[in-house]
Amino acid sequence: MREYRPKKDVQKKSYYRDRFYVAPQVPREKIEEGSRFFDDVKSLGSKFEVKDSYVEINQLVVIVESSSIFEVIGYMKNSLSYDILNEMSAIDYVAKCGGFEIFYQMLSLSTTKRARIKCFLKEGEAIESVSSHFRCADWSEREMYDMFGIRANNHPYMKRILMPDDWEGHPLLKTYPLQGDEFAQWYEVDKIFGKEYREVVGPENRDGAMIDRYDTKRFSRIGHEVEYGASIDLGEPDTNLKYQEEKGVFLIKKLKPEISKELEKRK
Amino acid sequence: MQQVNRLSPFFENLVFERSDNHMIVNFGPQHPSAHGQLRLILELAGEMVVKAHPDIGYLHRGMEKMGENMIYNEFLPTTDRMDYIAASANNYAFALAVERLLGIEDKVPRRAKIIRMMLLELNRIISHLFWLATHALDVGAMSVFLYCFREREFAMDLMEDYCGARLTHSAVRIGGVPLDLPEGWLESLSKFLDHMPEGIADYEGLLDQNRIWKMRLEDVGNLTPEMAKSWGVSGPTLRGSGIKYDIRKEEPYELYDEVEFDIPFCDARDSYGRYKLYMQEMRESLKILAQLIPMYKESEHGLMAHAPKYLSATKEDMMTQNYSLMQHFVLVTQGMRPPVGEVYAPTESPKGELGFFIRSEGEPYAYRLKIRAPSFFHTGLLTDLLPGHYLADVVTIIGNLNIVFGEIDR
């Protein structure tokens with residue numbers, strides 16, 4: 001049977017795949033008595049519904065319901081002394097399970113334990129903001145909204161943070177191409193020249209590696225510039241390379257190789 | 001607010017509020033002491049800041065998106081462009097995250113670990129010197145800038161001798177380092193170590209008791225431990241609030257548990273205390289570097305971990321053994337396929353806690369790559385830290401927090 005691959009996912013894919021290759025799993029340890037996270041998980045489990053918990057690469061991972069995330073983060077902070085929220089963001093699983101996985105990376109300064117609280121959020125739903133527990137979530141949640149379009153309820157200032165305010169689309173979604181979408185290629189043209197000049201200016205080239213052979217100035221072929229649209233079928237004419245000032249630049253002397261000195265050792 | 005129309009255009013930098021006499025000033029994004037592209041919208045009552053609104057994103061290049069569309073080895077040089085003052089720290093943080101994901105952190109040869117630590121600590125000194133230079137320049141001390149760059153140049157020369165690059169090093173690889181130290185490098189390093197304390201004494205001589213420096217830094221930017229924790233502050237800024245937490249000490253990576261060094265911290269909570277902290281940290285870095293020299297001499301050869309599933313073999317093996325060459329070909333053209341899972345690897349970069357979160361689905365491309373940059377949260381902190389200060393102190397605080405826009409906007 002052919003493997004299912006989401007069609008809207010426009011991220012780069014591996015060209016070659018071994019049909020029989022099964023990727024191994026990073027080892028996950030169960031939390032048993034004696035584990036340094038045992039008490040934390042136990043007291044969390046007594047208060048909230050914990051779907052799953054394990055230790056992955058020395059860090060506790062707890063999966064909870066998205067509706068209880070505000071209380072869980074507050075409990076982690078106040079009762080379990082996880083006093084720093086290092087990072088929070090989302091993982092796009094829209095194509096696979098119709099939603100996002102949101103993770104909160106926390107650190108306890110006194111015990112040097114690190115925990116990751118995760119929850120699953122359906123597409124289109126909003127998560128409760130934890131910015132009243134941790135001020136840094138203010139910015140992290142704004143970034144998450146900017147990049148994924150996930151809104152946070154009761155957030156003090158739910159606006160884009162990295163992209164411009166009038167941007168359309170959320171760049172870190174798997175459906176968003178690396179070089180931007182239709183909107184992105186007109187954004188700067190519209191801003192600088194105005195919408196009515198779209199036909200004159202043309203879309204912005206957002207491929208940093210693209211080389212246009214018929215570029216007006218032909219920056220790609222220095223010394224062989226031709227006018228825009230000129231045919232180069234019958235060979236490329238040489239253009240003279242000239243320095244800007246004919247007799248050199250005032251105050252700047254050209255280095256003469258014969259008077260330069262080569263140092264044997266630096267410093 | 002302004003009523004913008006064709007007759008009265010929008011005044012970009014100033015807004016006068018009629019009702020309460022507050023003035024709204026736009027600071028940046030092209031401001032010499034904004035340390036990059038920081039835009040601050042400040043509401044002033046007289047000269048006192050009432051409200052601050054940092055606006056970022058002017059240097060956003062989509063690093064995380066790029067990381068999800070590149071194989072792991074391809075992305076490594078891109079990390080240089082995050083915190084461009086300390087490129088090796090970024091390279092290392094990324095390499096460490098991938099190594100932990102692959103489970104080969106312990107397989108990295110000892111010599112490679114020592115070289116990495118040398119690069120990291122040298123980079124810390126370079127970064128701290130740059131911080132002091134620009135911070136002093138912002139506050140008005142021009143000569144400190146010149147003295148700092150004198151020593152920084154020597155450190156940069158050492159980096160250049162090792163990897164050929166001065167700013168964007170890419171000198172750390174996933175699984176080790178690409179090169180051994182060149183001949184005479186250790187001698188140059190020990191010369192630098194002998195020379196550097198004099199330099200630090202010079203800066204301290206210029207600044208420590210300097211009346212202007214003290215007036216502008218003391219009691220400016222008071223950061224309480226509660227605020228620091230709430231904003232996820234890390235690194236020297238966190239330790240400046242009296243919280244003694246250094247990832248090198250608490251969650252040691254590489255060989256940081258084998259070398260002896262102290263974690264300087266101070267309870268002063270103000271900018272001056274943090275300045276003293278940075279100076280002390282440079283001394284600790286020198287101490288670590290001095291201990292690494294004999295450790296390097298005792299270590300055995302070997303620079304890259306042996307993990308044929310994920311890493312190419314040595315050049316010699318590749319040229320003599322068919323299978324190694326095939327492996328290398330596959331790894332270069334397709335990329336390594338790490339196990340399915342997640343990793344978050346925190347490291348102590350010169351600015352604070354720099355961590356990479358990687359979600360892998362077993363493909364050569366990361367499914368999700370999140371970069372936890374310390375400066376991002378330090379910039380957010382300005383919202384709470386600036387109100388109550390005078391406009392002239394804004395520049396001091398921005399400079400003192402040591403933010404770099406390459407890693408804020410990513």
Side-chain angles (χ1 to χ4, degrees), chain A residues 11-18 21-28 56-59 61 77 83-93 101 103 105 107 109 112 114 116 118 133-140 142-143 146-147 157 160-164 171-172 174 176-178 180 265-267, chain B residues 53 55-57 60 62 64-66 68-71 100-101 103 154 157 161 188 191 227 229-234 238 243 245 250-251 330 333-335 337-346 353 355 357 359-365 367-368 370 372 376-377 379-381 383-384 409-410:
Chain A
Q11 301 309 296
K12 203 154 180 196
K13 297 284 177 335
S14 173
Y15 176 72
Y16 171 80
R17 279 192 104 231
D18 186 346
Y21 174 75
V22 180
Q25 178 82 37
V26 172
R28 290 175 173 177
E56 193 173 14
I57 314 184
N58 288 328
Q59 292 177 9
V61 183
K77 183 193 177 190
D83 35 17
I84 283 192
L85 178 68
N86 288 118
E87 181 60 284
M88 64 145 305
S89 196
I91 308 174
D92 178 358
Y93 283 117
E101 198 173 74
F103 65 89
Q105 183 73 39
L107 161 71
L109 287 175
T112 73
R114 283 183 191 267
R116 186 156 57 245
K118 298 206 292 183
H133 293 311
F134 292 101
R135 286 285 286 125
C136 63
D138 181 342
W139 274 37
S140 294
R142 275 177 70 190
E143 196 191 333
D146 195 354
M147 293 295 144
Y157 191 74
R160 285 181 183 272
I161 189 165
L162 292 174
M163 305 301 287
L172 273 181
K174 295 283 170 197
Y176 197 91
L178 180 63
K265 209 172 175 310
R266 187 186 272 146
K267 282 166 271 182
Chain B
H53 179 83
D55 187 9
I56 60 169
H60 179 54
E64 288 167 13
K65 188 78 172 175
M66 280 152 82
E68 288 163 22
N69 284 280
M70 283 182 186
I71 62 173
R100 286 204 178 148
L101 185 67
F154 296 145
D157 280 348
D161 282 348
S188 312
K191 237 168 80 187
M227 203 201 274
K229 280 183 195 168
S230 181
W231 267 106
V233 166
S234 51
L238 179 72
I243 300 169
Y245 197 89
E250 309 292 340
E251 303 156 75
V330 170
T333 52
Q334 295 171 29
R337 291 167 195 268
V340 180
E342 288 173 355
V343 66
Y344 174 74
E353 178 180 331
F357 172 88
R359 164 81 208 177
S360 155
E361 298 268 289
E363 294 285 315
Y365 302 97
Y367 192 76
R368 175 85 173 99
K370 178 84 185 88
R372 193 263 183 217
F376 181 78
F377 298 104
T379 314
L381 174 70
T383 323
D384 289 352
D409 296 340
R410 282 155 290 159

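Note that the structure is a prediction, hence the values are computed from the model and not measured. Below, all heavy atoms of this structure are taken into account, side chains as well, without hydrogens, waters or symmetry copies. Just so it is clear: chains get the letters A, B, ... in the order the sequence lines come, proteins before strands, and each one is counted from 1.
The candidate from A/Arg160, A/Glu143, A/Lys13 with the greatest count of non-hydrogen atom pairs under 4.5 Å with chain B is A/Glu143. In terms of non-hydrogen atom pairs under 4.5 Å with chain A, the most contact-rich of B/Gly232, B/Gly62, B/Gly380 is B/Gly380. Contact tally against chain A (heavy-atom pairs below 4.5 Å) for B/Thr379, B/Val330, B/Leu238, B/Leu101: the top residue is B/Thr379. Ranked by heavy-atom pairs shorter than 4.5 Å toward chain B, the options A/Leu85, A/Leu109, A/Asp92 are led by A/Leu109. With chain B as the partner, the residue from A/Val26, A/Asp146, A/Val61 showing the most heavy-atom pairs under 4.5 Å is A/Val26. Interface summary for chain A: among B/Ser234, B/Gly57, B/Ser230, B/Gly341, the most heavy-atom pairs under 4.5 angstrom belong to B/Ser230. Counting heavy-atom pairs closer than 4.5 Å to chain B, the top-ranked of the candidates A/Ala23, A/Pro27, A/Ser89 is A/Ser89. Across A/Tyr15, A/Tyr21, A/Tyr93, the residue that shares the most heavy-atom pairs under 4.5 angstrom with chain B is A/Tyr93. Ranking B/Glu342, B/Glu68, B/Glu353 against chain A, the residue ahead of the rest is B/Glu342, based on heavy-atom pairs under 4.5 Å. Per-residue counts of heavy-atom pairs under 4.5 Å with chain B were compared for A/Glu101, A/Arg28, A/Lys77, A/Glu56; the largest is that of A/Glu56.
If you take CG on A/Asp18 and CZ on B/Arg337, they are separated by 8.0 Å, rounding to the nearest 0.5 Å. Expressed to the nearest 0.5 Å, how far CD1 of B/Ile243 lies from CG of A/Asp83 amounts to 7.5 Å. For the atom pair CG (B/Asp409) and CE (A/Met163), the distance works out to 11.0 Å, reported to the nearest 0.5 Å. Between the CZ atom of B/Arg410 and the CG atom of A/Leu162 there is a distance of 6.0 Å, given to the nearest 0.5 Å. In this structure, A/Leu107 CG and B/Lys229 NZ are separated by 10.5 Å, a value rounded to the nearest 0.5 Å. Distance CE/B/Met70 to NZ/A/Lys12: 8.0 Å, rounded to 0.5 Å.
With a 4.5 Å cut-off on non-hydrogen atoms, A/Pro171 touches chain B through its backbone but not through its side chain. Using a 4.5 Å cut-off between heavy atoms, A/Ile161 contacts chain B through both its backbone and its side chain. In this structure, chain A has a heavy atom under 4.5 Å from the side chain of B/Glu251, while its backbone stays farther away. Contact of B/Lys370 with chain A is made through the side chain alone, with heavy-atom distances under 4.5 Å. Using a 4.5 Å cut-off between heavy atoms, B/Tyr365 contacts chain A through its side chain alone, with no backbone atom that close. Contacts between B/Arg372 and chain A at a heavy-atom distance below 4.5 Å involve backbone atoms as well as side-chain atoms. For A/Gln105, the part sitting under 4.5 Å from any heavy atom of chain B is the side chain, from C-beta outward, and nothing else.
The aromatic rings of B/His53 and A/Tyr157 sit perpendicular, their planes meeting at an angle over 60°, well past the 30° parallel limit. Using a 30° and 60° split on the angle between ring planes, A/Phe103 and B/Phe357 fall in the parallel class, below 30°.
Between the side chain of A/Ser14 and the backbone N or O of B/Pro364 there is no donor-acceptor pair closer than 3.5 Å. Counting only distance, with no hydrogens or angles, the side chain of A/Gln59 and the backbone of B/Tyr344 share a donor-acceptor pair below 3.5 Å. Looking only at distances, a side-chain donor or acceptor of B/Arg368 sits under 3.5 Å from a matching main-chain atom of A/Ala90.
For the pair A/Lys174 and B/Tyr367, the minimum side-chain heavy-atom distance is below 4.5 Å. For the pair B/Thr383/A/Arg135, a side-chain contact is recorded, criterion being any heavy-atom separation below 4.5 Å from C-beta on. Side-chain contact between B/Thr333 and A/Tyr16 is absent, with no heavy atoms from C-beta onward closer than 4.5 Å.
For B/Phe377 and A/Phe134, the gap between ring centers reaches or exceeds 6.0 Å.
The minimum heavy-atom distance linking A/Thr112 with B/Glu250 is given by the pair CG2-OE1, 3.5 Å. Closest approach of B/Trp231 to A/Trp139, counting heavy atoms only: CH2-CD1, 4.0 Å.
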Checklist entry - Would B/Glu363 and A/Arg17 satisfy side chain to side chain contact (heavy atoms under 4.5 Å, CB included), going step by step from the backbone distance to the final call? => result CA-CA 9 Å; B/Glu363 294 285 315; A/Arg17 279 192 104 231; 3.0 Å; yes

